Amino acid sequence: MAWNYGGDGTIKGENNMGQHYDFARIESKWKKYWEKEDLHKVQMDPNKPKYYVLEMFPYPSGELHMGHIRNYSIGDVVARFHTMKGYNVLHPMGWDAFGMPAENAAIERGIYPAQWTSSNIHSMHRQQREFGLSYDWDREVATCHPEYYRWTQWLFLLFYQRGLAYKRKAEVNWCPSCQTVLANEQVVSGNCWRCDSQVVKKELEQWFLRITDYAHRLLKDLDTLEGWPESVKIMQANWIGRSEGAEIDFPVKGREDSIKVFTTRHDTIYGATYMVLAPEHPLTMELVRGTEREEPVRSFVKEAIRRREETIDPEELGKEGIFLGAYAINPFNGEEIPIWTADYVLMEYGTGAVMGVPAHDDRDFEFTNLHRIPQRIVIMPEKDAPVPETMTQAYAADGYLVNSGPFNGLSVQEAQEAIADYLEEKGIGRRAVSYKLRDWLVSRQRYWGAPIPIVYCDHCGVVPVPMDELPVMLPEKVVFQPGTISSLAHMEDFVHTTCPQCGGPAKRETDTMDTFICSSWYYFRYADARNEEAPFSKEAVDYWLPVDQYIGGIEHAVLHLLYSRFFTKVLYDANLVSCQEPFTNLLTQGMVIKDGQKMSKSKGNVVTPGEIISKYGADTARLFILFASPPERDLDWSDQGVEGAWRFLNRVWRLIHNNLDIFTGEKLKPAHVASGADKDLWHKLHDTIKRVTEDVEKRFNFNTAISTIMELVNQIHRYREQLAAEKQNTALLRETLEKTILLLAPFAPYLTEELWHTMGHKDSVHRQKWPDYDEKALVREEVQIVIQVNGKLRDRLQVPVDMDREELEERALGLERIKGLTAGKEVVKIINVPGRLINIVVR
RNA sequence: GCCGAAGUGGUGGAACUGGUAGACGCGCUGGAUUCAAAAUCCAGUGGGGGCAACCUCGUGUGGGUUCGACUCCCACCUUCGGCACCA
């Protein structure tokens with residue numbers, strides 16, 4: 001495709017109109033130049049405002065895909081733009097390098113995970129360089145390197161010291177295919193987030209991080225994240241799931257115990273006709289012990305738990321339950337209500353016990369219908385309305401209390417206050433808040449992860465590895481063991497160790513950490529990536545953090561993004577960082593799709609970055625991706641669209657090369673803008689600068705930024721073609737062409753660098769200042785006014801901007817077409833939007 | 001079921017604060033250039049009507065507010081995402 005070129009980059013031959021620019025030569029030339037010049041290396045500089053732009057680091061799967069390229073192209077424009085704007089820009093890249101695929105590859109191909117990962121990193125790193133991404137490679141990190149995971153382990157111990165890491169036996173999510181446990185966030189509609197297998201429940205002793213301690217702050221601080229999409233904040237808020245309500249103690253008849261329930265509808269307390277305990281609730285078996293119901297209840301509980309270990313299809317779960325033969329006493333009216341156990345009550349939420357109010361809760365309504373438990377209406381939508389005998393569905397909305405003793409007549413809101421006050425006065429309950437968020441399960445029964453730095457000693461029990469003995473090295477030469485136990489557990493050399501406290505024999509923890517821990521702090525490490533004394537220095541993170549602009553996929557809305565916020569708050573509390581939120585602005589990019597579907601090998605619709613780069617080069621690929629749609633939306637891949645981007649860049653190339661005479665010869669004087677065509681071009685240039693600046697800076701609408709530059713290029717072409725050569729203003733043309741190249745530089749870094757030098761400049765285009773626009777150039781002398789009659793467009797007028805209102809209206813009314821439309825009618829009023837339109841309202 | 005986002009030409013998308021709907025690109029049609037092609041350049045391109053000037057309809061559907069609505073309000077439909085026995 002690229003032939004017929006001279007060594008100096010110009011096109012040879014008589015007709016140079018028809019050829020394409022030699023992207024391959026240009027891109028390899030400038031790539032080397034930039035690397036030699038360390039163009040993208042950054043250091044702390046207190047004299048410059050900092051800007052930290054970050055793309056979510058990738059898992060090193062082996063090859064970049066278009067989603068990556070989109071992610072990096074967006075980040076690169078933001079980085080380059082801010083550099084040109086005078087910021088000290090941190091733009092790093094690294095590898096989320098622990099995780100399952102490396103183990104699978106190891107088993108399939110007989111290659112160690114470390115080797116496989118490292119070779120993947122190499123090839124992806126090379127591709128990233130080809131794309132001309134402005135990373136400071138000196139800060140590159142990989143989470144699987146001991147120099148990195150040493151500090152991941154250090155942070156785990158920090159959490160441990162602060163009481164935020166603990167081990168407990170719990171019912172946890174187990175993925176049978178990945179052979180490991182999963183955090184709640186990693187179960188998507190009952191399936192494993194990674195392999196989509198159905199997840200089952202298992203009771204295991206596991207490590208947790210106490211994220212629930214931070215539930216309140218994680219929720220509250222969402223309000224401070226003005227630069228985040230509403231949708232992500234809502235998803236996090238729903239995930240944290242705060243509910244306000246009350247805890248109420250129900251004494252058990254004939255016993256000392258009482259049952260504590262959590263409810264958000266304590267106003268319906270007089271409607272409670274039964275009580276339900278979760279099958280695992282400690283009182284469930286206790287209440288039936290030694291009675292004739294012990295056996296049936298035991299088998300019910302067993303069965304309920306067994307069902308959870310098999311399939312979890314909420315649709316199939318009915319409302320099974322069994323009466324325990326015991327009664328609770330409603331502390332408000334002394335009524336005795338039967339106590340049941342049922343599998344629709346979860347031990348993990350609230351108190352594991354609920355009061356059943358069938359008349360005002362859909363689930364309770366269903367349950368009582370099934371098990372013939374009475375219902376009692378205590379809320380009516382209207383005050384003083386007759387209370388019906390029966391109902392066909394529960395009434396869960398607002399209303400007024402009935403059948404509720406002294407609280408009758410109160411509204412739901414009033415009753416909630418009054419009843420909560422009453423509970424607290426009598427000491428039989430209290431206001432309470434409950435969260436859906438659970439502690440973060442971080443143990444993984446996998447080899448390829450950061451070892452949890454804990455040893456178990458027969459004498460001393462659970463002992464953390466001292467921080468100065470880190471890292472606990474992951475042995476690289478692993479032999480994989482099929483089965484349910486991590487391969488690490490089979491490595492005797494790893495397992496057997498000595499106790500750091502007593503020196504006696506001890507065993508290491510053989511579970512590794514969830515890789516989401518590794519990715520919860522990497523953005524801090526970039527600030528000080530080679531620090532061997534600490535995860536990072538306070539000085540470095542205080543200078544660079546928080547991340548000003550974070551860019552990545554929406555799929556991490558409640559995974560990585562929630563965990564990272566949690567980590568940041570813990571590090572803040574430990575006085576290691578000064579920010580409470582890690583990411584000031586968040587951009588969630590859409591997917592890259594083709595033919596209406598996600599690109600995938602099985603569908604055969606994959607376009608690889610490699611093939612695009614060899615056919616068109618990096619600039620074309622980047623330009624197309626940024627032009628085809630705004631970043632948050634899905635991007636429809638189109639081969640013809642790529643062709644369009646390619647054509648445009650060639651058009652820019654020719655625009656410069658066909659005007660070379662302008663850039664050589666004598667130094668040109670400042671532009672004198674005289675003729676109408678000059679003024680139009682001058683205005684267009686400054687209008688373009690303004691619009692591109694705003695599109696990139698405020699709106700991230702790179703598609704419209706690029707289309708605006710295209711319009712400018714089209715206008716320059718027209719100017720050259722329609723004006724006789726001697727009438728063309730070369731000074732204006734030169735300024736226009738130079739600024740066009742500057743505006744395009746963040747989008748097409750290679751081509752613009754080449755053309756910048758072609759124009760005679762010696763320094764890199766990427767070290768230039770972003771062009772300013774001249775307010776004077778934006779002021780038009782004439783404007784087009786739209787003339788409407790009754791809101792319909794009927795004519796247009798070209799008038800001086802300063803024409804006064806009366807004259808303008810007179811002119812409008814005098815237009816032939818308007819006269820025809822207003823003849824014989826009464827002009828009711830005239831709307832005048834200055835500089836835009838006149839609307840004549842007639843009757 | 002609950003929460004959220006989005007529906008605009010043949011197509012990707014634009015219209016930023018209620019003020020010219022369809023910028024820019026793709027595709028298509030016609031023309032220039034060429035022996036011919038590729039490449040490039042120019043012109044046209046929402047539907048219907050008219051020789052034309054123009055008229056008329058048109059932003060998922062139905063209402064409403066307004067001089068004026070893709071934009072605001074109400075109801076609904078479709079698609080996509082999140083949550084889902086959370087008391």
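Below, chain A is the first sequence line, B the second, and so on; all start at residue 1. Predicted model only: the values in this text are computed from it and were never measured.
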Whole-Å gap separating P (B/C16) and CD (A/Glu694) = 13 Å
Can you find a side-chain donor-acceptor pair between A/Gln416 and A/Asp267 that sits under 3.5 Å?
-> yes
Among the nucleotides B/C3, B/C67, B/C26, which one has an atom lying closest to any side-chain atom of A/Arg647?
-> B/C26
Is there a donor in the side chain of A/Asp362 and an acceptor in the side chain of A/Tyr395, or the other way round, less than 3.5 Å apart?
-> no
Is it true that the side chains of A/Arg565 and A/Gln236 contain a donor and an acceptor less than 3.5 Å apart?
-> yes
Go ahead and name the base partner of B/A52; Watson-Crick or wobble counts if both distances stay under 3.5 Å, otherwise write none.
-> none
Does OP1 or OP2 of B/A23 have a side-chain N or O of A/Asn703 closer than 4.0 Å?
-> no
Closest to side chain of A/Lys319, choosing from B/G25, B/C83, B/C85 = B/C85
The nucleotide from B/C67, B/C83, B/G12 with an atom nearest the side chain of A/Trp239 is B/C83
Would you indicate which nucleotide in B/C67, B/U20, B/G12 comes nearest to any side-chain atom of A/Val841?
-> B/C67
Roughly how far apart, to the nearest Å, are B/G12 and B/C28 at atom C1'?
-> 16 Å
First locate atom CG of A/Leu837, then atom CD of A/Gln784, and finally report the distance between them rounded to the nearest 0.5 Å.
-> 11.5 Å
Pairwise 5' ranking along RNA chain B for A/Ile554 and A/Arg699, keeping only the more 5' one = A/Arg699
For residues A/Gln728 and A/Arg720, is any side-chain donor paired with an opposing acceptor at under 3.5 Å?
-> yes
Is there a Watson-Crick or G-U wobble partner for B/G12 with both distances under 3.5 Å, and which nucleotide is it?
-> B/C24
Counting side-chain heavy atoms from C-beta on, which of B/A15, B/A87, B/C85 comes nearest to A/Asp343?
-> B/C85
Could you walk me through whether A/Tyr349 and A/Arg438 pass the side chain to side chain contact (heavy atoms under 4.5 Å, CB included) check?
-> CA-CA 9 Å; A/Tyr349 184 77; A/Arg438 308 287 154 74; 3.9 Å; yes
Taking a pair as Watson-Crick or G-U wobble with both distances under 3.5 Å, which nucleotide is matched to B/G81?
-> B/C3
Identity of whatever pairs with B/U65 - Watson-Crick or G-U, under 3.5 angstrom = none
Taking atom C1' in both B/A21 and B/A69, what distance in whole Å separates the two?
-> 11 Å
Which glycosidic conformation, syn or anti, is assigned to B/G7 if syn requires a torsion within 90° of zero?
-> anti
Can you figure out which of B/G4, B/U20, B/C67 approaches the side chain of A/Ser231 most closely?
-> B/G4
Compare the minimum distances between each of B/G19, B/C24, B/A87 and the side chain of A/Tyr349, then state the nucleotide with the smallest one.
-> B/A87
OH of A/Tyr21 versus C1' of B/A39: gap in Å, rounded?
-> 16 Å
On a whole-Å scale, what distance lies between the C1' atoms belonging to B/C41 and B/A5?
-> 43 Å
B/U59: pairing nucleotide in any strand, Watson-Crick or G-U under 3.5 angstrom = none
If the C1' atom of B/U8 is compared with that of B/G58, how far apart are they to the nearest Å?
-> 10 Å
Between the CG atom in A/Leu437 and the CG atom in A/Leu218, the distance rounded to the nearest 0.5 Å is 7.0 Å
Which base sits across from B/U29 as a Watson-Crick or G-U pair, both distances under 3.5 Å?
-> B/A43
Has the side chain of A/Asp687 got a donor or acceptor atom that lies under 3.5 Å from a matching backbone atom of A/His683?
-> no
Mind checking who B/C35 pairs with, Watson-Crick or G-U wobble, both distances under 3.5 Å?
-> none
Using the P atom on both, measure B/C26 against B/A43 and round to a whole Å.
-> 14 Å
Nearest-Å distance once atom C1' is located in both B/U65 and B/U71 = 13 Å
Can any side-chain N or O of A/Glu826 pair as donor or acceptor with the backbone N or O of A/Val842 at less than 3.5 Å?
-> no
Per atom distances to the A/Arg651 side chain, the nearest of B/A15, B/A23, B/C41 is B/C41
A/Val188, nearest nucleotide to its side chain (from B/U20, B/C41, B/C83) | B/C83
Take atom C1' in B/G50 and the same atom in B/C57, then report the distance between them in whole Å.
-> 15 Å
Nearest listed nucleotide, side chain of A/Glu721, among B/C41, B/G19, B/A14 = B/C41
Mark up nucleotides 44-57 of chain B, 5' to 3', with B wherever a protein heavy atom is under 4.0 angstrom from a base atom, S wherever such an atom reaches only the sugar-phosphate, and - elsewhere.
-> ----------SSSS
Under 3.5 Å, is there a donor-acceptor pair between the A/Gln375 and A/Asn369 side chains?
-> yes
Quick one: do A/Trp340 and A/Phe367 satisfy ring-ring contact (aromatic ring centres under 6.0 Å, His included)? Show the steps, please.
-> CA-CA 11 Å; A/Trp340 289 62; A/Phe367 188 78; 5.6 Å; yes
Residues from residues 629-640 of chain A lying under 4.0 Å of RNA chain B - heavy atoms | A/Ser629, A/Pro630, A/Arg633, A/Asp634, A/Asp636, A/Gln640
